[in-house]
**Q** 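Have a look at the structure that comes next, please.
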Amino acid sequence: MRLFRKTNRRIVVGIADTHGGHRLGLLNPDTVLVGETDDGDIYEWSPDLTETQKYLWQLYQQNIEEICAFADGDELIVFHDGDLTQGDRFGNLIPDTTREDQRTIGYFNLLPLLSLSNVRVARLVTGTQVHVPECAEARVAYRLQKDTGKDVQAFHHGRVRVSGVPFDVAHHGPYPGSRDWLKGNVALYYLKDRVYEDRRLGVEPARVYMRGHFHEYVSVPLEDRWCGKRYQYDLTILPSYSGMNRHARKVTRSDPSLTNGLVCYEIVDGRLANIEPFVTTVDLRTEENI
């Protein structure tokens with residue numbers, strides 16, 4: 001605990017792609033779902049966690065502890081940047097669950113984070129439509145607001161000022177890169193484009209552009225001079241809390257590793273002071289000697 005507290009310090013937490021309802025998505029073991037018996041009565045049940053889900057939940061709990069230590073009692077603002085649920089188009093779901101069950105899973109996944117006493121505001125960003133059918137983020141935001149009494153809302157694409165620092169938050173953004181040594185190149189071009197487009201629109205460019213969707217962690221800075229003044233901007237592609245399914249193996253062309261976690265943005269005296277990732281990367285390949 002700091003002896004002299006900075007009352008003007010706030011922490012923004014960026015988390016994305018938890019994909020509640022998928023067998024490899026985040027799953028709170030305390031989730032309570034409602035089922036129907038053969039006689040038509042109702043009963044409560046909790047899905048069994050897969051090995052991947054056990055790993056993800058342990059990592060999530062660890063990350064929450066790291067957030068608390070990093071914040072050290074200062075206010076936390078949470079952005080969940082899309083794909084809170086999985087939807088049912090691609091299958092491989094938790095057995096015997098419905099779309100409504102997925103929203104319940106999404107609710108329970110965020111509850112430990114939003115229950116922290118220093119979290120007062122949370123925003124849920126809409127993700128890819130096939131993953132979040134029937135207004136999943138808005139419905140979960142409504143329930144979280146009612147149950148926690150905190151300021152929880154949903155939006156498609158937001159410009160949010162946190163202590164005067166503008167954040168541009170949306171789910172879809174740049175591709176991380178086609179080669180390991182090229183990662184960040186496309187993101188940098190995207191960041192420049194967003195900054196220049198905001199200027200053309202007569203809008204102050206955001207200090208931070210936050211994106212998700214690609215289940216990888218990429219962070220790129222931009223230093224720019226405009227009208228004789230020096231400006232700094234950052235773009236972050238947030239990692240996921242999801243495992244590597246067969247579709248992901250296909251689109252990543254068999255990426256050997258998986259990165260999960262979240263990112264914190266430290267704001268002090270109305271300025272972005274630090275971007276702190278809490279991420280873990282694991283090698284998914286099976287080692288064997290024959």
Side-chain angles (χ1 to χ4, degrees), residues 5-18 20 26 28 30-31 60-61 63-85 100 102-127 131-132 134-171 203-204 206-212 236 238 241 261-276 278:
R5 180 166 303 283
K6 297 178 180 178
T7 57
N8 52 358
R9 179 177 183 264
R10 304 170 84 188
I11 307 297
V12 173
V13 180
I15 177 176
D17 294 283
T18 47
L26 192 66
N28 185 340
D30 293 330
T31 298
Y60 184 49
Q61 294 296 100
N63 291 155
I64 290 177
E65 292 177 2
E66 291 169 332
I67 290 171
C68 291
F70 184 69
D72 195 13
D74 289 324
E75 183 181 357
L76 295 166
I77 298 97
V78 176
F79 290 117
H80 186 289
D81 197 9
D83 287 357
L84 181 68
T85 60
E100 183 178 356
Q102 289 189 18
R103 294 192 290 270
T104 300
I105 291 170
Y107 165 87
F108 275 99
N109 282 342
L110 287 182
L111 196 58
L113 182 55
L114 268 60
S115 294
L116 296 175
S117 60
N118 49 336
V119 172
R120 296 177 177 82
V121 176
R123 295 291 181 263
L124 311 188
V125 184
T126 55
H131 289 309
V132 287
E134 300 170 348
C135 310
E137 281 95 356
R139 291 172 185 264
V140 174
Y142 176 76
R143 182 176 175 185
L144 284 167
Q145 184 181 58
K146 287 189 64 177
D147 292 352
T148 66
K150 299 182 179 183
D151 181 0
V152 186
Q153 299 179 37
F155 55 65
H156 297 306
H157 188 165
R159 275 180 55 89
V160 183
R161 289 184 178 272
V162 181
S163 297
V165 178
F167 282 73
D168 185 297
V169 187
H171 181 63
V203 177
E204 177 191 1
R207 179 63 179 85
V208 175
Y209 293 82
M210 184 188 298
R211 299 295 186 264
T236 310
L238 299 173
Y241 279 99
L262 49 78
V263 179
C264 286
Y265 305 82
E266 181 183 21
I267 299 173
V268 180
D269 293 331
R271 297 170 61 90
L272 179 66
N274 183 30
I275 298 177
E276 189 71 28
F278 295 100

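No hydrogens, no waters, no symmetry mates; every other heavy atom, side chains included, goes into these values. Index from 1, following the sequence.
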**Q** Between Glu137 and Val125, which heavy-atom pair has the shortest distance, and what is it?
**A** OE2-O, 3.3 Å

**Q** Rounded to the nearest 0.5 Å, what's the gap from OG on Ser163 to CG on Leu272? Could you check?
**A** 11.0 Å

**Q** Where do Asn63 and Gly261 come nearest, in terms of heavy atoms and distance?
**A** OD1-CA, 3.6 Å

**Q** Inspect the surroundings of CZ in Phe155 and state if more than 12 heavy atoms from other residues, nucleotides or ligands are less than 6.0 Å away.
**A** yes

**Q** Apply side chain to side chain donor-acceptor pair (under 3.5 Å) to the pair Thr18 and Tyr60, showing each step before the final yes or no.
**A** CA-CA 10 Å; Thr18 47; Tyr60 184 49; over 6 Å; no

**Q** What's the shortest heavy-atom distance between Leu76 and Ala71, and which atoms?
**A** CD2-CB, 3.7 Å

**Q** Quickly, which of Ile15, Asn109, Asp17, Leu110 forms a side chain to side chain contact (heavy atoms under 4.5 Å, CB included) with Leu84? Name it, please.
**A** Leu110

**Q** Among residues at least two apart in sequence or on other chains, which ones pass ring-ring contact (aromatic ring centres under 6.0 Å, His included) with Phe79?
**A** none

**Q** Is the number of heavy atoms from other residues, nucleotides or ligands under 6.0 Å of His156 NE2 greater than 12?
**A** no

**Q** Testing the basics here: between Gly20 and Ile105, what is the closest heavy-atom pair and its distance to 0.1 Å?
**A** CA-CG2, 3.8 Å

**Q** To the nearest 0.5 angstrom, please state how far the CG atom of Asn28 sits from the OH atom of Tyr107.
**A** 10.5 Å

**Q** Checking the side chain of Arg139 only, and the main-chain atoms of Glu134 only, is there a donor and an acceptor separated by less than 3.5 Å?
**A** yes

**Q** How about Arg271: does its CZ atom have over 12 heavy atoms from other parts shown lying under 6.0 Å from it?
**A** no

**Q** Which heavy atom in Leu113 sits nearest to a heavy atom in Val78, and how many Å separate them?
**A** CD2-CG1, 3.8 Å

**Q** Quick check: does any side chain N or O of Arg123 sit under 3.5 Å from a backbone N or O of Asp151, one acting as donor and the other as acceptor?
**A** yes

**Q** Is there a donor-acceptor pair under 3.5 Å between the side chain of His171 and the backbone N or O of Asp81?
**A** yes

**Q** So, Asn118 side chain and Asp74 main chain: donor-acceptor pair closer than 3.5 Å or not?
**A** yes

**Q** Is the number of heavy atoms from other residues, nucleotides or ligands under 6.0 Å of Glu276 CD greater than 12?
**A** yes

**Q** Can a salt bridge be assigned to the pair Arg211 and Asp168 using a cut-off of 4.0 Å between side-chain N and carboxylate O?
**A** yes

